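Read through the structure below, which is laid out as structure tokens, and then see the notes.
When a ligand or atom number is given, it counts from 1 through the structure's own listing order. A quick note: this is a predicted structure, and the numbers were derived from the prediction, not measured.
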Amino acid sequence: MIGVDTAGVAAKLGVAADTATAIGQLAAEVGLDVPTAYGVQAALVQRRLDRGERLVGVKMGLTSKAKMAQVGVDEVIWGRLTDAMRVPDGGAVDPSAYIHPRVEPEVAFLLDRLPEPGEPIGDFATAVRAVAPAIELIDSRYADFRFSLPDVIADNTSAAAFVVGPWSPVPAGLDNLGVLLEVDGRVVQVGSTAAILGDPRRALDEGIRLAGRHGVRLQSGWVFLAGAATAAVPLRPGAHVRAVVEKLGTASLKASA
Ligand code: OOG
Ligand code: MG
């Protein structure tokens with residue numbers, strides 16, 4: 001699409017994130033389609049790299065029906081993760097640094113030797129060194145968490161922070177592990193890794209393919225978030241959050257009061 005001010009749109013989204021101030025949707029107004037929206041995302045993340053952050057991985061979004069239904073967008077999307085977004089397991093986040101933070105349970109992969117672009121993943125255990133339970137903190141920069149497909153792509157798929165729990169060797173089956181999200185010891189979401197494209201391993205095929213389409217090749221050592229298994233829940237001040245994935249264990253964070 002001609003005439004989109006990619007840097008200008010990225011700056012609006014970047015300032016919204018930096019100041020924790022919501023903005024209105026902009027894709028329709030500025031004429032963003034999916035490819036231009038990924039261009040805005042690249043420019044938005046480049047602003048972070050320019051201030052010294054490092055790219056450490058990729059996240060998938062809307063790989064489960066629960067998530068698609070929650071936000072009213074039904075296409076798989078991907079975004080970029082930087083080192084500044086990573087919170088240590090059990091660590092604290094300040095909810096007031098975000099607009100309307102939500103948390104969701106995820107499965108993380110530690111990437112190893114990936115196939116050449118366009119080639120299928122032969123052996124998952126070669127492509128992925130380890131797996132872990134994870135929590136993603138999402139924070140749409142759009143008012144009321146309402147957006148279109150190009151809007152959410154431009155906004156780096158609502159990425160804000162993430163926690164990775166202890167890494168384990170890849171278990172035999174990943175396709176039907178129970179997933180719980182707990183807040184203050186109470187279960188608030190229940191799901192299964194089967195909700196993630198039928199099998200979270202499929203999210204990696206999609207990630208390689210979709211990121212490759214926009215010139216990004218996943219790297220050995222990167223973290224890969226396969227997408228939430230359940231809907232996300234608001235993160236309230238003072239909350240203790242745990243994501244529990246059967247066989248993999250727990251990732252946790254606390255929100256300062
Ligand atoms: C978009 C990001 C979706 C997931 O795991 O499905 C996502 C959003 O819900 O704001 O991260
Ligand atoms: Mg997510």
Side-chain angles (χ1 to χ4, degrees), residues 13 16-17 20 22-27 32 34 37-38 40-41 44-45 56-82 85-87 93 95 98-109 131-165 174 179-181 188-189 191-204 206-207 210-211 222-235 241 243 245 251 253:
L13 286 160
I23 58 173
Q25 294 180 45
L26 36 76
L32 287 187
V34 167
Y38 277 110
V40 171
Q41 181 191 119
L44 175 62
V45 175
V56 296
V58 156
K59 58 157 285 187
M60 302 306 288
L62 311 182
T63 48
S64 69
K65 292 219 163 57
K67 285 288 309 178
M68 288 179 174
Q70 183 174 34
V71 298
V73 174
D74 60 2
E75 282 202 44
V76 174
I77 55 179
W78 65 279
R80 293 151 159 103
L81 301 172
T82 74
M85 298 177 188
R86 186 151 179 181
V87 176
V93 296
Y98 304 99
I99 299 164
H100 35 208
R102 293 178 177 176
V103 284
E104 53 189 23
E106 302 236 0
V107 175
F109 299 153
V131 298
I135 299 170
E136 188 180 20
L137 189 160
I138 52 171
D139 190 39
S140 176
R141 268 52 70 165
Y142 303 111
D144 305 320
F145 239 101
R146 290 173 64 87
F147 42 72
S148 66
L149 174 66
D151 275 313
V152 67
I153 290 169
D155 186 26
N156 197 22
T157 65
S158 309
F162 66 100
V163 175
V164 178
L174 264 183
V179 176
L180 298 178
L181 184 68
V188 293
Q189 291 286 336
S192 159
T193 56
I196 306 164
L197 297 177
D199 182 333
R201 286 176 291 200
R202 226 166 261 150
L204 184 56
E206 282 294 289
L210 292 175
W222 275 11
V223 171
F224 180 90
L225 296 180
T230 72
V233 305
L235 179 68
V241 179
V245 182
L253 66 77

message = Rounded at 0.5 Å granularity, tell me how far CG in Asp155 sits from CG in Leu44.
response = 7.0 Å
key: Side-chain donor/acceptor of Asp151 to backbone N/O of Leu26, under 3.5 Å   = yes
ask   = Taking the six-membered ring for Trp, are Phe145 and His100 parallel (under 30°), tilted (30 to 60°) or perpendicular (over 60°)?
value = tilted
key: ligand 1 contact by Glu106, heavy-atom criterion under 4.0 angstrom   = yes
request  = Report the relative orientation of the aromatic rings in Phe109 and Phe224; use parallel for angles under 30°, tilted for 30 to 60°, perpendicular for over 60°.
outcome  = parallel
inquiry  = Side chain, backbone, both or neither: which applies to Leu62 and ligand 1 if a contact is any heavy-atom pair less than 4.0 Å apart?
reply    = both
key: Selected option - heavy-atom contact closest to atom 3 (C) of ligand 1, from Arg102, Glu136, Lys67   = Lys67
key: ligand 1 versus Glu104: contacting region, heavy-atom distance under 4.0 Å   = side chain
request  = Find the distance between CG (Leu204) and CG (Leu197) and round it off to the nearest 0.5 Å.
outcome  = 11.0 Å
request  = Could you tell me the separation between the CH2 atom of Trp222 and the CG atom of Leu81, rounded to the nearest 0.5 Å?
outcome  = 9.0 Å
ask   = By number and element, which atoms of ligand 1 are closer than 4.0 Å to a non-hydrogen atom of Lys59?
value = 2 (C), 7 (C), 11 (O)
message = For ligand 1 and Ala228, I'd like to know whether there is a polar contact (N/O to N/O, distance under 3.5 Å).
response = yes
task = Heavy-atom contacts with Phe147 under 4.0 Å: which atoms of ligand 1 show up? List them by number with element.
result = 8 (C), 10 (O)
inquiry  = Has Thr63 got a side-chain atom pairing as donor or acceptor with Ile196's backbone, closer than 3.5 angstrom?
reply    = no
remark   = OG1 of Thr193 to CZ of Arg201, rounded to nearest 0.5 Å, is 9.0 Å
task = Return yes when Met68 approaches ligand 1 closer than 4.0 angstrom through a heavy atom, no otherwise.
result = no
inquiry  = Tell me the closest heavy-atom pair linking Val152 and Tyr142, and the distance in Å.
reply    = N-CE1, 4.2 Å
remark   = Here the gap from Asn156 atom CG to Ile138 atom CD1, rounded to the nearest 0.5 Å, amounts to 12.0 Å
remark   = the Mg ion (ligand 2) -> Glu106, closest N, O or S atom is OE2
Atom indices of ligand 1, in the order listed, that fall short of 4.0 Å to a heavy atom of Thr157 = 1 (C), 2 (C)
inquiry  = Can you check the angle at the Mg ion (ligand 2) formed by OE2 of Glu104 and OE1 of Glu136? Round it to the nearest 10°.
reply    = 100°
note = If we number the atoms of ligand 1 from 1 as shown, the ones under 4.0 Å from a heavy atom of Val71 are 9 (O)
message = Which of the numbered atoms in ligand 1 are under 4.0 angstrom from any heavy atom belonging to Ile138?
response = 8 (C), 9 (O), 10 (O), 11 (O)
remark   = Check: of Gly227, Ala226, Ser158, min heavy-atom distance to atom 8 (C) of ligand 1 comes from Ser158
inquiry  = Closer than 4.0 Å to some heavy atom of Gly61 - which atoms of ligand 1 meet that?
reply    = 3 (C), 4 (C), 6 (O), 7 (C)
